[in-house]
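Comments concern the structure below.
What's counted below: heavy atoms across the whole structure, side chains too, no hydrogens, waters or symmetry copies. Note that ligands are numbered from 1 as they come in the structure, with each ligand's atoms numbered from 1 the same way.
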Amino acid sequence: MSNRKSEIEANLADVKSRIEKAAKAAGRSADEITLVAVTKNFPVSDIEILYELGIRNFGENRDQEGSIKAPQFPDDCIWHFQGQIQSNKLKSIAIWADVVHSLDDLSHAKKLSSLVADQDIFIQLSLDNQPNRGGVALDDLDSFARSIAELGNLNIRGLMAVAPLDEEPKLAFARLNLLSKQLVKSLPMAGEISAGMSNDFEAAISEGATLIRIGSQILGVR
Ligand SMILES: *Cc1c(COP(=O)(O)O)cnc(C)c1O
């Protein structure tokens, strides 16, 4: 086995056991939690290793990368776009991304809706109300979700968020969990939570994350 493969395999095993532990501590089953390996800035050869190790969910932040990498892998892979959306890239993103995690702008939603038969999406929520870091403001969530639901072909899987820099992640994710529960009352199919990265995924799992996005803890820092 190559050095790189054994390194990734060990990192992956460590992350998986931490997921198990965090799920157990929260009284949840690890089966409820999908691990997305964030492969941005890493080469196709690393994704091939992850594929051999059984990973099927991959996350990318840039259309320029995802559009080149995704077509090189079998159809059983699920590709997640989680970066900031640029309107002129939506057409390409819709081709390769199975799930768009970072929808926070109604004009993007309308454009995406016009380009696809249907598309899984998450609504990105701002947990600190600092609009420059992306995400819909808390106060706007209800009307934003309603507008997206009305488009008819964007399947809202749930909420996505990144923990603020200046707050205990568990507190921020608790807020996210509460908002998710409220959202589900009007949109029963939108109960998933995409939250948790290398430095805070255990906190996210304790607050109900169903999908965690892990890069550096598996692949290292680039
Ligand atoms: C890069 C990135 C991740 C993964 O971050 P790590 O800290 O490397 O695990 C997850 N989500 C988003 C939105 C990212 O940009």
* Asked: So, is G215 polar-close to ligand 1, with some N/O to N/O distance under 3.5 Å?
  -> yes
* **Those atoms of ligand 1 less than 4.0 Å from some heavy atom in S198** => 6 (P), 7 (O), 8 (O), 9 (O)
* **Atoms in ligand 1 with a heavy atom of I214 nearer than 4.0 Å** => 9 (O)
Is there a donor-acceptor contact under 3.5 Å linking the side chains of [X] and [Y]?
{"X": "N155", "Y": "D120", "result": "yes"}
{"X": "H80", "Y": "N57", "result": "yes"}
{"X": "S206", "Y": "K170", "result": "yes"}

* **Basic-acidic side-chain contact under 4.0 Å: E20, R28** => no
* **Shortest protein contact, atom 12 (C) of ligand 1 (heavy atom only)** => Q82 NE2, 3.6 Å
* Specify the protein heavy atom at minimum distance from atom 11 (N) of ligand 1: its residue, its atom name, and the distance to 0.1 Å. => R213 NE, 2.9 Å
* Mind checking whether L211 and I218 sit in one hydrophobic cluster, side chains of I, L, V, M, F, W, Y counted as touching below 4.5 Å? -> no
* To do: Report whether V44 and L12 are members of the same hydrophobic cluster (ILVMFWY, side-chain heavy atoms less than 4.5 Å apart, transitive linking).
  => yes
* Using a heavy-atom cut-off of under 4.0 Å, does the side chain or the backbone of N199 touch ligand 1, or both, or neither? -> neither
* **Residue part near ligand 1, for K40, under 4.0 Å between non-hydrogen atoms** => side chain
* Asked: What residue among L103, L141, L154 forms side chain to side chain contact (heavy atoms under 4.5 Å, CB included) with I123?
  -> L141
* Kindly identify the option in M197, R62, H80 whose heavy atom sits closest to atom 10 (C) of ligand 1. => M197
* Structure fact -> A student comparing S216, G196, S194 should find that the heavy atom closest to atom 8 (O) of ligand 1 comes from S216
